[in-house]
Amino acid sequence: LAYVLFAPAPKLDQIMTSFRDTVGVNRFKVLAPAETERLLPLEGPALVHAVCAFDIAQRPIRATLPIPSDYWSLSVITEDGRNAYLLNDRQAGVSSLSLVLRLKPDGAAVEATGEGLEESALDPRSTANQIYIDLAQPRGVVVLRALPRFPAGRALVETELARSVCDVPG
């Protein structure tokens with residue numbers, strides 16, 4: 001993830017293209033260990049990753065995520081490599097999550113907080129399980145990572161994350 005965030009612009013374009021080529025657009029895919037090593041080289045090999053390369057230029061999308069019971073974290077990263085949204089197991093306390101990703105109407109840049117993270121304008125309708133996120137850029141990637149409690153539990157976590165969906169809200 002740090003590699004995606006701090007890569008130079010030409011390299012970042014290649015990284016985002018690699019995500020789209022590997023997982024498609026507006027759909028989740030659980031990455032195989034070799035794909036994780038190629039796309040997210042600085043992430044630990046014990047983590048299981050579900051990734052959705054999104055494009056909201058034409059319409060919003062909804063990311064529906066089953067949440068593993070052990071450690072997990074979620075990042076929404078825009079095409080310029082900025083974290084637009086972060087959430088983890090300690091903050092959320094939910095068993096499923098729905099993110100609605102929308103393009104800000106005016107496309108205006110979002111101001112960075114003191115920690116260097118982008119602050120998304122959250123819809124007042126956001127709840128613990130449904131979060132509306134307005135993004136300044138139409139393309140990026142959602143990364144859901146989970147750490148199985150035991151190595152033998154990896155297949156179960158992969159199966160659980162495979163139920164993640166990125167689609168058009170109904």
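Note that the structure is a prediction, hence the values are computed from the model and not measured. Worth knowing before you read on, the calculation uses all heavy atoms, side chains too, and leaves out hydrogens, waters and symmetry mates.
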[X] [atom1] to [Y] [atom2] distance, which is reported to the nearest 0.5 Å:
| X | Y | atom1 | atom2 | value |
| --- | --- | --- | --- | --- |
| Leu65 | Leu87 | CG | CG | 9.5 Å |
| Leu39 | Ser18 | CG | OG | 6.0 Å |
| Leu99 | Cys166 | CG | SG | 8.5 Å |
| Arg59 | Asp167 | CZ | CG | 10.0 Å |

Kindly indicate whether the side chain of [X], heavy atoms from C-beta on, has any atom under 4.5 Å from the side chain of [Y].
| X | Y | value |
| --- | --- | --- |
| Asn88 | Leu74 | no |
| Leu97 | Thr64 | no |
| Asp80 | Gln137 | yes |
| Ile67 | Trp72 | yes |
| Pro138 | Lys104 | no |
| Tyr85 | Ile131 | yes |
| Ser164 | Leu144 | yes |
| Thr78 | Asn83 | no |

- Can you tell me if Arg27 uses its side chain to pair, donor with acceptor, with the backbone of Val23 under 3.5 Å? yes

- Task: Verify side-chain contact (heavy atoms from CB on, under 4.5 Å) between Leu101 and Val142, making sure each step is shown before the conclusion.
- Result: CA-CA 10 Å; Leu101 305 177; Val142 176; 3.8 Å; yes

- Query: Taking 4.0 angstrom as the limit, do Arg102 and Asp134 come out as a salt bridge?
  - Reply: yes

Distance-only criterion, 3.5 Å: show the donor-acceptor pairs between side-chain atoms of residues 45-58 and protein atoms not counting sequence neighbours.
from  : atom 1 : to    : atom 2 : distance (Å)
His49 : NE2    : Glu43 : OE1    : 3.1
Asp55 : OD1    : Ala57 : N      : 2.9

- Query: Any link between Val143 and Leu147 through a network of hydrophobic side chains (Ile, Leu, Val, Met, Phe, Trp, Tyr) touching at under 4.5 Å?
  - Reply: no

- Identify whether Val165 and Ile61 are in the same connected component of the hydrophobic contact network (ILVMFWY, side-chain heavy atoms under 4.5 Å). no

- Donor-acceptor pair between Gln130 and Arg62 side chains, under 3.5 angstrom: yes

- Message: Please give me the minimum heavy-atom distance between Ala146 and Val157, naming the atom from each residue.
- Response: CB-CG1, 3.7 Å

- Note on the structure: Hits for side chain to side chain donor-acceptor pair (under 3.5 Å) against Ser73, two or more places apart or cross-chain, chain-then-number order -> Tyr71, Arg145

- Query: With sequence neighbours excluded, what pairs up with Glu160 under the side chain to side chain donor-acceptor pair (under 3.5 Å) test?
  - Reply: none

- Query: Glu35: what forms a side-chain contact (heavy atoms from CB on, under 4.5 Å) with it, not counting sequence neighbours?
  - Reply: Thr22, Lys29, Leu31, Ala32, Arg38

- Note on the structure: Arg149 meets the side-chain contact (heavy atoms from CB on, under 4.5 Å) criterion, sequence neighbours left out, with Asp70

